[in-house]
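Have a look at the structure below before the remarks.
Just so we're clear, the structure is a prediction, and the values are computed from it rather than from any experiment.
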There are 2 protein chains.
Amino acid sequence: MPRKSTTLDPQRLDNQICFAVYSAAHAFNRVYKPLLDRLGLTYPQYLVMLVLWERDDVPVKDIGEKLFLDSGTLTPLLKRLEAAHLVKRTRSREDERQVLIALTPQGHALKEKARAVPQSILAASDCSVSELVAMKDEIVALRDRLNAVIGE
Amino acid sequence: MPRKSTTLDPQRLDNQICFAVYSAAHAFNRVYKPLLDRLGLTYPQYLVMLVLWERDDVPVKDIGEKLFLDSGTLTPLLKRLEAAHLVKRTRSREDERQVLIALTPQGHALKEKARAVPQSILAASDCSVSELVAMKDEIVALRDRLNAVIGE
DNA sequence: TCACATTTAATTGTTCGCAATTGAATGTCC
DNA sequence: GGACATTCAATTGCGAACAATTAAATGTGA
């Protein structure tokens, strides 16, 4: 009575790997939420702040390329960050099509308050740093292969 | 001149496993989209259909537990599936609090049309089955550890 | 039996995420 | 220089995702 193995059936594997990623993303979000609530940020807003803490005064497009997000997502998000006095949005003088995003003093200051976040996540993941780094690299490689297929 | 290595800075975007998972989930979604468009489904709707193709006539809560989603997400999603004539929603006779979700004939029939989806995804991931299985297991284990922390 | 807690879906409001479109600014080619 | 395409952000509309609340059905204990 040959029965197909559930864990090896390639028909199901894609569902499993994709669902694993999908559900892990939500789990991460739920762990981040209480931490980010204290900073007044959502997770996507936190990602934008991470980008800006590395380099300031960049056009929306640059942020979008780093985070794989488009203006339909970023424009309202950045307006909310502006309303929270964390960033300032100004049209570029050299190229009026671009909107440059700069941190306010409050935006810069928030970096210090956010220092504790990564450790808390590390603790919650209950995993060694080297293991996490290895996993991260694998997932990034998979993501990049998927993204390479999209533009075809 | 002690300088923190940027490759180890936990506050850097590229070092965050969460962003890897987050962006990989979006990449998967973008690969799935053209395939699922042909079925008239979104990815979360496809997940619900996968659950129902395995077992039918289940309460909303059961679907939510399998997919880690609550009624705030599922109720409108299931109403859209009902509007598309893929499922039927009926109050349970034994327990009037529950709403049972059953597939319509069209809902059952869609399973056949969805057969081609997994191969396409596997091809796009461009990865050996054994590698994918290993990754999936690691990600699920990480997700479960994260979910375990949440209820504390 | 009756008060009370629990379970279950539904609802409301906010924020993402993306496709498609718009409109202004810039680049290119003749 | 002028027609044309391209680039960039903003907008619109739809579908998640989730917190918080509501309301009905059910379970429990005195």
OP1 or OP2 of [N] sitting under 4.0 Å from any side-chain N/O of [X]?
| X | N | answer |
| --- | --- | --- |
| A:T42 | C:dC16 | yes |
| A:K79 | D:dT11 | yes |
| B:Y22 | C:dG17 | yes |
| A:T75 | D:dA10 | yes |
| B:K61 | C:dA10 | no |
| A:R91 | D:dA9 | no |
| A:Q98 | C:dT26 | no |
| B:R89 | C:dA9 | no |

* Output field: ring centroids A:F28/A:Y43 closer than 6.0 Å -> no

* What nucleotide, of C:dT26, D:dA16, C:dA9, holds the atom closest to the side chain of B:P44? -> D:dA16

d([atom1], [X]; [atom2], [N]) in whole Å:
| X | N | atom1 | atom2 | result |
| --- | --- | --- | --- | --- |
| A:L78 | C:dG17 | CG | P | 12 Å |
| B:I150 | D:dC18 | CD1 | C1' | 12 Å |
| B:R80 | D:dG13 | CZ | C1' | 13 Å |
| B:E82 | C:dA10 | CD | P | 10 Å |
| B:E94 | C:dT8 | CD | P | 14 Å |
| A:I63 | C:dG17 | CD1 | P | 14 Å |
| B:Y32 | C:dG17 | OH | C1' | 18 Å |
| B:L69 | C:dA9 | CG | P | 13 Å |

* Asked: When you match A:S71 and A:A27 each to their closest nucleotide on DNA chain D, which lands nearer the 5' end?
  -> A:S71

* Of A:L74 and B:R93, the one whose closest DNA chain D nucleotide lies more 5' -> A:L74

* Could you check whether the rings of A:Y46 and A:W53 sit parallel, tilted or perpendicular, using 30° and 60° as the cut-offs? => perpendicular

* Looking only at non-hydrogen atoms, find the nearest pair between B:I139 and A:A24 and report the distance. => CG2-CB, 3.7 Å

Could you list the donor-acceptor pairs under 3.5 angstrom formed by side chains in residues 69-78 of chain A, with sequence neighbours left out?
from  : atom 1 : to    : atom 2 : distance (Å)
A:D70 : OD1    : A:G72 : N      : 3.2
A:D70 : OD1    : A:T73 : N      : 3.3
A:T75 : OG1    : A:S71 : O      : 3.0

* Between A:R97 and A:P76, who's closer to the 5' end of DNA chain C by nearest nucleotide? -> A:P76

* Is the closest side-chain heavy-atom distance between B:D62 and B:V51 below 4.5 Å? -> no

* Asked: When all nucleic acid strands are considered with a 4.0 Å heavy-atom cut-off, which category describes B:D95: base, sugar-phosphate, or nothing?
  -> sugar-phosphate

* Asked: Do B:K79 and B:E82 meet the salt-bridge criterion of a basic N to acidic O distance under 4.0 Å?
  -> no

